[in-house]
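Written out below as structure tokens is the structure these notes cover.
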Amino acid sequence: MQALSPSVVEEFCKLCDLAHEAWLNHLELFDNNPRVAELMNSFAGDELARLSIITQEYSLLQIVKLHDKAVMNGKVTLGIDYVLKYGGWSDSVRNSLEKLTKELNDFASQLREVRNKSLSHNDLATIVAGTTLGEFAKGADNRYFEALKEFVNIVHDQVIGGPRPFNTLVKNDVGAFLATIKPR
């Protein structure tokens with residue numbers, strides 16, 4: 001018997017998908033965009049520069065929020081820790097989820113400082129120092145989302161049945177958006 005209701009699992013899956021969509025949106029709009037230099041020099045360059053910061057910060061925040069403790073300051077939060085602790089998993093499923101959680105947490109730990117000093121708070125010392133926060137090795141974000149997909153699919157399969165694919169249509173949306181921006 002599972003301790004998590006299908007509706008809670010679906011909400012958890014949606015949060016994971018949202019983090020994936022936010023990351024994919026920034027990735028496609030800026031990191032994987034072969035026209036990014038051209039567009040940054042276009043009439044839309046200033047707005048695209050702002051949008052790059054907004055999408056990057058939002059993406060990082062959504063990732064780190066998934067790694068909040070199940071209970072913080074007396075409030076229950078829905079994230080990986082909650083799902084792992086309160087899922088009522090069999091030993092074999094728990095072992096698989098714990099292994100993935102370690103991998104996921106290793107990546108998220110690199111982002112915790114940026115959340116605490118920049119995304120959620122305006123830490124004066126960090127601002128004055130101009131310190132770069134939240135760096136990770138190239139490709140680590142791809143590996144993170146592959147592991148998150150695996151975690152979500154296991155949880156979804158155990159409680160609801162079958163996999164829960166992430167939405168990748170954001171790639172089409174970014175392509176449509178970019179088609180509207182023409183250089184001067």
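Given the structure is predicted, the values throughout are model-derived calculations rather than measurements.
In terms of the side chain to side chain contact (heavy atoms under 4.5 Å, CB included) criterion, residue partners of S59 (sequence neighbours excluded) are, by chain and number, A22, W23, I63. Shown here are the ring-ring contact (aromatic ring centres under 6.0 Å, His included) partners of F107, two or more places apart in sequence or in another chain: F136, Y144. Qualifying side chain to side chain contact (heavy atoms under 4.5 Å, CB included) partners for Q62, counting only residues two or more places apart in sequence or in other chains: L18, A19, Y58, K65. Legend: residues meeting side-chain hydrogen bond (donor to acceptor under 3.5 Å, both in side chains) with D81, ordered by chain and number and at least two apart, are K85. Taking K102 as the reference, D106 meet the salt bridge (charged side-chain N to carboxylate O under 4.0 Å, His left out) condition, with sequence neighbours excluded. Not counting sequence neighbours, the partners of N32 by the side-chain hydrogen bond (donor to acceptor under 3.5 Å, both in side chains) test are E28. When the side-chain hydrogen bond (donor to acceptor under 3.5 Å, both in side chains) test is applied to N167, the partners found at least two apart in sequence or on another chain are E21. Not counting sequence neighbours, T180 has no partner by the side-chain hydrogen bond (donor to acceptor under 3.5 Å, both in side chains) test. In terms of the side chain to side chain contact (heavy atoms under 4.5 Å, CB included) criterion, residue partners of V9 (sequence neighbours excluded) are, by chain and number, L4, C13, V155, V159, I160. Taking R94 as the reference, L84, W89, E98 meet the side chain to side chain contact (heavy atoms under 4.5 Å, CB included) condition, with sequence neighbours excluded.
Listed by first and then second residue, the salt bridge (Lys or Arg N to Asp or Glu O under 4.0 Å) pairs involving residues 154-171 are E10-R164, D17-R164 (not counting sequence neighbours). Counting only residues at least two apart or in different chains, ring-ring contact (aromatic ring centres under 6.0 Å, His included) contacts with residues 158-177 comprise H20-F166.
For the residue pair L15 and L78, the shortest heavy atom distance occurs at CD1-O, 3.8 Å. Taking each heavy atom of H156 and P163 in turn, the nearest pair found is ND1-O, 3.6 Å. Residues L24 and T168 come closest through the heavy atom pair CD2-CA, 4.0 Å. The heavy-atom pair separating A147 from L104 by the smallest distance is CB-CD2, 3.8 Å. Residue S96 comes nearest to I154 through the heavy atom pair CB-CD1, 4.1 Å, listed as atom of the first residue, atom of the second, then distance.
Side-chain atoms of N153 and E150, non-hydrogen and from C-beta on, never get closer than 4.5 Å to each other. Using a 4.5 Å heavy-atom cutoff, the side chains of I80 and F12 are in contact. Counting heavy atoms from C-beta outward, N105 and H67 have side chains that approach closer than 4.5 Å.
Of the possible polar contacts, none joining the N73 side chain to the K75 backbone as a donor-acceptor pair under 3.5 Å is found. Side chain of S52 to backbone of L48: no donor-acceptor contact under 3.5 angstrom is found.
One finds the CG atom of L100 at 9.0 Å from the CG atom of L148 (value rounded to the nearest 0.5 Å).
Under the 4.5 Å side-chain contact rule for hydrophobic residues, L60 and I54 do not share a cluster.
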**Asked** Where do R35 and L178 land on the side chain to side chain contact (heavy atoms under 4.5 Å, CB included) test, with the steps shown first?
**Response** CA-CA 9 Å; R35 292 181 52 215; L178 290 173; 4.3 Å; yes
**Message:** One pair to check against salt bridge (Lys or Arg N to Asp or Glu O under 4.0 Å): R143 and E146. What are the steps and the verdict?
**Reply:** CA-CA 5 Å; R143 289 187 298 279; E146 288 303 315; over 6 Å; no
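A salt bridge is defined here as a Lys NZ or Arg NE, NH1 or NH2 lying under 4.0 Å from an Asp or Glu carboxylate O, and K14 with E11 meets this definition.
Under a cut-off of 6.0 angstrom, the local environment of CG in N172 is crowded, with over 12 non-hydrogen atoms contributed by other residues, nucleotides or ligands.
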